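Structure record follows, encoded as structure tokens.
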Protein chains: 2
Amino acid sequence: MTGQVRTVDGRVAGRRGQATRQKLLDCLSEMLSSSPYRDVKVIDVARKAGTSPATFYQYFPDVEGAVLEIAEQMATEGAGLTELLEGRSWVGKAGWQTAQELVDGFLEFWKKNDAILRVVDLGAAEGDKRFYKLRMKILNSVNNSLVDTVTELQSKGRVDKDVNPAAVAGSLVAMLAAVASHQKGFQTWGVKQAELKPNLALLVHLGITGRKPTK
Amino acid sequence: MTGQVRTVDGRVAGRRGQATRQKLLDCLSEMLSSSPYRDVKVIDVARKAGTSPATFYQYFPDVEGAVLEIAEQMATEGAGLTELLEGRSWVGKAGWQTAQELVDGFLEFWKKNDAILRVVDLGAAEGDKRFYKLRMKILNSVNNSLVDTVTELQSKGRVDKDVNPAAVAGSLVAMLAAVASHQKGFQTWGVKQAELKPNLALLVHLGITGRKPTK
DNA sequence: CGGTAAGCTGACGGCATGACAGGACAAGTG
DNA sequence: CACTTGTCCTGTCATGCCGTCAGCTTACCG
């Protein structure tokens, strides 16, 4: 499928090699959660993994390269977000539930992977194509579903003609991502998690359907 | 007022000192726009400013400290965003215009300062209090106005009781910020700038008033 | 002019980076 | 069992950035 795992100098990695490689990724992941991206050093990751910097460089060109690897793993995992929308209705009470579940699932996913997602977001914002392709890959599952929904509602005349489905969907997804990564910020702003979710769901519902939900 | 500008070792900075200090800040700012945050080195900034690394450390504890300084300057400047909302109406055609101008001004501001804002966002997401206080300071002007608006509309019964003004306003502001910093991403997604703005304005209007705008 | 404080830098120990060659180890072969 | 092969890891090294200090230069003021 994805081709064999290879070291930087072209050797194919065996069982043991893959294990240390994965261990390095895990330790890097942990490191990213506990200290600022800028301060994550190869030597620390290696130490934490009980190995040497040289070993790290055998598997990854640099920290960035390793982060891309982790993010890639997460991206395939994140394709599961599609389930949140597949075959769901946006009408009546069911619509309100769809919105709620989308928000819930999305925030959950983001919370679980916040450290890597922060870095991906940064890389994307800085204009690094690899990172924002990755970001798209993660968000596309949700985004595409939303685009389809809006387009469909539009063809039925339930959404105004001059709405651009891609723009609306993209903006809503960006909102979810942003709120998710600044959840702590909201708390100091005097907004509790439990209160945040229904309000987000409301905004999503309004944006997609153009109407208030019936609860 | 803000107290005199001081060097790290406590001396007060004179005219010349403040000039080099500012030059270092400018060069850092430029550097941040052209290369990834992680790769910005003190030595490069110093070289670009035609001075030595030692000089840099005379004025700032580290790169982060200097970034905070730049961000602080930008934050006071960003207080001007309040104008976008002060005394504006959210009713009828005027409401639609308010939403449009808010989006416009916000995106403009973000575009102008994207490099520093990226870093502030990262710092805030990583949980650094200094950074997210700063982020709040920047966003508060807009956010507070929006909270007030929603609260007012709510007291008039034009917005549902169970809406949390702070949550809605915060989410919309987060959306604007996120979309602004990923504008390029939208372009590759097939959405043009010009199309993006009205759709954002629509979402803002819907979120604040609960109704579609009358155009 | 001389004193004082501001302003700048060369130089240095310390640490991270990234490359390499060589040693340890597991697995297969005769 | 000795031998071979290929994977896997690390010691070591040159290079370059970090962050600090002592000391030199420059500006200001009486």
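Every chain is numbered from 1, with letters handed out A, B, ... down the list of sequences. Predicted model, so just to flag it, every value in this text is computed and none were measured.
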Exercise. Are any non-hydrogen side-chain atoms of B:Thr51 and B:Thr20 less than 4.5 angstrom apart?
Worked result: no
Pairs of donor and acceptor atoms involving the side chains of residues 175-187 of chain A, under 3.5 Å and at least two apart or interchain, shall be tabulated with distances.
from     : atom 1 : to       : atom 2 : distance (Å)
A:Ser181 : OG     : A:Ala177 : O      : 3.2
A:Ser181 : OG     : A:Ala178 : O      : 3.2
A:His182 : NE2    : B:Arg135 : NH2    : 3.4
A:Gln183 : OE1    : A:Gln193 : NE2    : 2.0
A:Gln183 : NE2    : A:Ala180 : O      : 3.2

Could you list the donor-acceptor pairs under 3.5 angstrom formed by side chains in residues 25-32 of chain A, with sequence neighbours left out?
from    : atom 1 : to      : atom 2 : distance (Å)
A:Asp26 : OD1    : A:Gln22 : NE2    : 3.2

Exercise. Between D:dC8 and A:Arg21, is there an OP1 or OP2 to side-chain N/O distance shorter than 4.0 Å?
Worked result: no
For this session: For the residue pair B:Trp96 and B:His205, categorise the inter-ring angle as parallel (less than 30°), tilted (30 to 60°) or perpendicular (more than 60°).
Result: perpendicular
Problem set entry | Close side-chain approach of B:Val8 and B:Gln58, heavy atoms under 4.5 Å | no
Problem set entry | DNA chain D contacts made by residues 24-33 of chain A, counting heavy atoms under 4.0 Å | none
For this session: Produce a footprint string for nucleotides 14-21 of chain D: one letter per nucleotide, 5' end first; B if the base is under 4.0 Å from any protein heavy atom, S if only the sugar-phosphate is, - if neither.
Result: ---SSBBB
Exercise. More 5' along DNA chain D: B:Arg15 or A:Gly50, using each one's nearest nucleotide?
Worked result: A:Gly50
Exercise. Between which nucleotides of DNA chain C, read 5' to 3', does contact with chain A run, using atoms under 4.0 Å from its heavy atoms?
Worked result: C:dA16 to C:dC20
Problem set entry | Min side-chain heavy-atom separation B:Asp39-B:Asp44 under 4.5 Å | no
Exercise. Looking at side-chain heavy atoms only, is the closest gap between B:Arg47 and B:Ile43 below 4.5 Å?
Worked result: yes
For this session: Given side chain to side chain contact (heavy atoms under 4.5 Å, CB included), test A:Asn143 with A:Met136 step by step and report yes or no.
Result: CA-CA 9 Å; A:Asn143 191 64; A:Met136 270 180 54; over 6 Å; no
Seminar exercise, completed: By side chain to side chain donor-acceptor pair (under 3.5 Å), B:Glu69 pairs with (sequence neighbours left out) B:Arg21
Seminar exercise, completed: Computed from five pairs at either end and rounded to 10 degrees, the angle between the axes of the helix from C:dC1-D:dG30 to C:dG30-D:dC1 is 10°
Seminar exercise, completed: Hits for side chain to side chain donor-acceptor pair (under 3.5 Å) against B:Asp62, two or more places apart or cross-chain, chain-then-number order -> none
Seminar exercise, completed: With sequence neighbours left out, the residues meeting side-chain contact (heavy atoms from CB on, under 4.5 Å) with A:Glu126 are A:Leu122, B:Pro36, B:Tyr37, B:Arg118
Mind listing the side-chain donor-acceptor pairs of residues 74-86 of chain B below 3.5 Å, one per line with the distance, residues two or more places apart or on another chain?
from    : atom 1 : to      : atom 2 : distance (Å)
B:Thr76 : OG1    : B:Gln73 : O      : 2.7
B:Thr82 : OG1    : B:Ala79 : O      : 2.5

Exercise. Between A:Glu64 and A:Arg130, is there a salt bridge with N-O shorter than 4.0 Å?
Worked result: yes
Problem set entry | Electrostatic pair A:Lys111-A:Asp114, nearest N-O below 4.0 angstrom | no
For this session: May I ask you to say what A:Thr51 touches in the nucleic acid, namely base, sugar-phosphate or nothing, with a heavy-atom cut-off under 4.0 Å?
Result: sugar-phosphate
Exercise. For residues 110-143 of chain B, which residue pairs qualify under ring-ring contact (aromatic ring centres under 6.0 Å, His included), counting only residues two or more places apart or in two chains?
Worked result: B:Phe106-B:Trp110
Exercise. Atom OH of A:Tyr59 to atom C1' of D:dT10: distance rounded to whole Å?
Worked result: 12 Å
Could you go over nucleotides 24-26 of chain D and give all protein N or O partners under 3.5 Å, atom names and distances?
none

